Amino acid sequence: MRASEFIFLDKLNIDDKYPEDLFSILHSNMSEIAPTGNSYEEDFAMWSDAIIHALEKAQRQIALMYVENTLAGYFQYYINSDTSSLMMEEIQIKKEYQGSGLFAEFYKWFLKQLPENIMYVEAFANKKNLKSQGILTHMGLKCAGENKNGNSFYYKGNYADLSDFVNNKLSS
């Protein structure tokens, strides 16, 4: 594995480059799996408007993944203190870094950043994204329904199972 670094996006000083860089990774990964039928520009406009508003919530954060000073991916999540839950909203890694060990290295770092009172883990996976569904299941989450528009499955699990997966199965 090449030298990697993980940092949190500075939500108060987001420059114009970050939304475009993040969306580029998302679009590259998802346009084949779940095409919207919109142009890149239309999708970017909708996504960037939504992400800027989403980041206004203190509990939502984006962690950036760098490999040799190059943005290789990001992870968007939300901590719900009312339910002691970690909502894994979006993890996107550039194709050239998938399967490189970056995912495992990131999760080992990330779990150390979380508050100690997390009990549950939640996520949504697009119904067409079989890879994400498989990863979530492998991480110990179980399909427990679907989202309101019916295009994604809802997964939920115990944080202890995720921690065990990261510390034991990703380490080998």
Side-chain angles (χ1 to χ4, degrees), residues 4-11 14 17-36 38 40 42-67 70-80 83 85-100 102-111 113-114 118 120-141 143-157 159 162 165-166 170:
S4 55
E5 179 184 16
F6 311 109
I7 61 171
F8 291 105
L9 177 70
D10 180 356
K11 297 189 316 183
I14 298 174
K17 184 177 183 312
Y18 273 115
E20 192 169 318
D21 288 348
L22 299 180
F23 182 75
S24 172
I25 298 169
L26 171 69
H27 186 268
S28 173
N29 289 338
M30 294 303 295
S31 61
E32 292 177 26
I33 296 169
T36 64
N38 299 328
Y40 182 93
E42 290 170 321
D43 281 342
F44 175 69
M46 287 188 293
W47 178 86
S48 60
D49 184 53
I51 198 70
I52 296 301
H53 292 301
L55 288 174
E56 291 172 355
K57 294 187 178 186
Q59 303 91 334
R60 181 166 286 115
Q61 185 58 270
I62 293 179
L64 304 172
M65 301 174 214
Y66 286 90
V67 174
T70 298
L71 181 64
Y74 70 94
F75 179 69
Q76 179 181 320
Y77 68 96
Y78 183 89
I79 301 289
N80 186 335
T83 61
S85 294
L86 162 66
M87 172 58 83
M88 301 185 298
E89 295 181 312
E90 193 76 56
I91 186 160
Q92 296 293 333
I93 298 174
K94 286 182 179 178
K95 288 180 177 131
E96 60 264 34
Y97 298 103
Q98 294 175 11
S100 70
L102 181 64
F103 179 85
E105 191 177 348
F106 169 75
Y107 261 94
K108 289 174 193 171
W109 170 85
F110 177 67
L111 293 188
Q113 313 307 312
L114 294 174
I118 301 294
Y120 304 102
V121 183
E122 301 172 282
F124 288 95
N126 187 289
K127 288 182 176 180
K128 296 178 183 176
N129 194 338
L130 301 178
K131 184 176 182 180
S132 288
Q133 293 171 41
I135 291 169
L136 292 171
T137 300
H138 196 65
M139 294 172 91
L141 283 75
C143 187
E146 59 183 45
N147 67 345
K148 291 178 185 174
N149 67 14
N151 66 0
S152 295
F153 289 118
Y154 167 70
Y155 286 81
K156 186 169 184 176
Y159 176 78
L162 173 66
F165 171 79
V166 169
L170 282 182

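Quick caveat: nothing in here was measured; it's all calculated off a predicted structure. Numbering starts at 1 and runs along the sequence shown.
Between the N147 side chain and the S152 main chain, a donor and an acceptor come within less than 3.5 Å of each other. For K11 (side chain) and L55 (main-chain N/O), a donor-acceptor pair under 3.5 Å exists by modelled atom type. Here the side chain of E122 pairs no donor or acceptor atom with the backbone of Y154 at under 3.5 angstrom.
Considering Q61, E90, M87 as possible partners of Y77, the one that fulfils the side chain to side chain contact (heavy atoms under 4.5 Å, CB included) test is Q61. None of W109, F110, F103 except one satisfies the ring-ring contact (aromatic ring centres under 6.0 Å, His included) rule with F6; the exception is W109.
In this structure, Y78 OH and K57 NZ are separated by 5.0 Å, a value rounded to the nearest 0.5 Å. Rounded to the nearest 0.5 angstrom, Q98 CD and I93 CD1 are separated by 6.5 Å. Rounding to the nearest 0.5 angstrom, the gap separating the CG atom in N29 from the NZ atom in K131 is 8.0 Å. Rounding to the nearest 0.5 Å gives a distance of 10.5 Å between CZ of R60 and CG of N80. In this structure, CH2 on W47 lies 7.5 Å from CD1 on I52, to the nearest 0.5 angstrom. Atom OH of Y74 is separated from atom CD1 of I91 by 10.0 Å, given to the nearest 0.5 angstrom.
Atom OH of Y120 has 12 or fewer heavy atoms from other residues, nucleotides or ligands within 6.0 Å. More than 12 non-hydrogen atoms from other residues, nucleotides or ligands lie less than 6.0 angstrom from CD of Q113.
Heavy-atom minimum distance, F153 versus C143: CD2-SG, 3.7 Å. Counting all heavy atoms, side chain and backbone alike, E146 lies closest to F124 at C-CE2, 4.4 Å. Nearest heavy-atom pair across Q133 and A125 is CG-CB, 3.8 Å. Contact between Y66 and L71 at its shortest, heavy atoms only, is CD2-N, 3.5 Å. Of all the heavy atoms in L102 and S4, the pair that sits closest is CD1-CB, 4.1 Å. Taking all atoms of both residues into account, the shortest heavy-atom contact from S28 to K95 is O-NZ, 2.7 Å.
The shortest side-chain heavy-atom distance between D43 and Y40 does not fall under the 4.5 Å cut-off. Counting heavy atoms from C-beta on, the side chains of N38 and M46 come closer than 4.5 Å. Residues K108 and V166 are in side-chain contact: their nearest non-hydrogen atoms beyond the backbone lie under 4.5 Å apart. A heavy-atom distance below 4.5 Å is not found between the side chains of Y155 and V121.
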Begin from the C-alpha positions of I51 and L22 and carry the test side chain to side chain contact (heavy atoms under 4.5 Å, CB included) through to its verdict. CA-CA 10 Å; I51 198 70; L22 299 180; 5.8 Å; no
Check the pair F165 / Y107 against ring-ring contact (aromatic ring centres under 6.0 Å, His included), numbers first and verdict last. CA-CA 10 Å; F165 171 79; Y107 261 94; 7.9 Å; no
Take L136 and M88, measure what side chain to side chain contact (heavy atoms under 4.5 Å, CB included) needs, and give me the verdict at the end. CA-CA 10 Å; L136 292 171; M88 301 185 298; 3.7 Å; yes
Candidate pair I135 and H138, rule side chain to side chain contact (heavy atoms under 4.5 Å, CB included), full reasoning: CA-CA 5 Å; I135 291 169; H138 196 65; 5.5 Å; no
Assess whether side chain to side chain contact (heavy atoms under 4.5 Å, CB included) is satisfied between N126 and S132, documenting all intermediate values. CA-CA 8 Å; N126 187 289; S132 288; over 6 Å; no
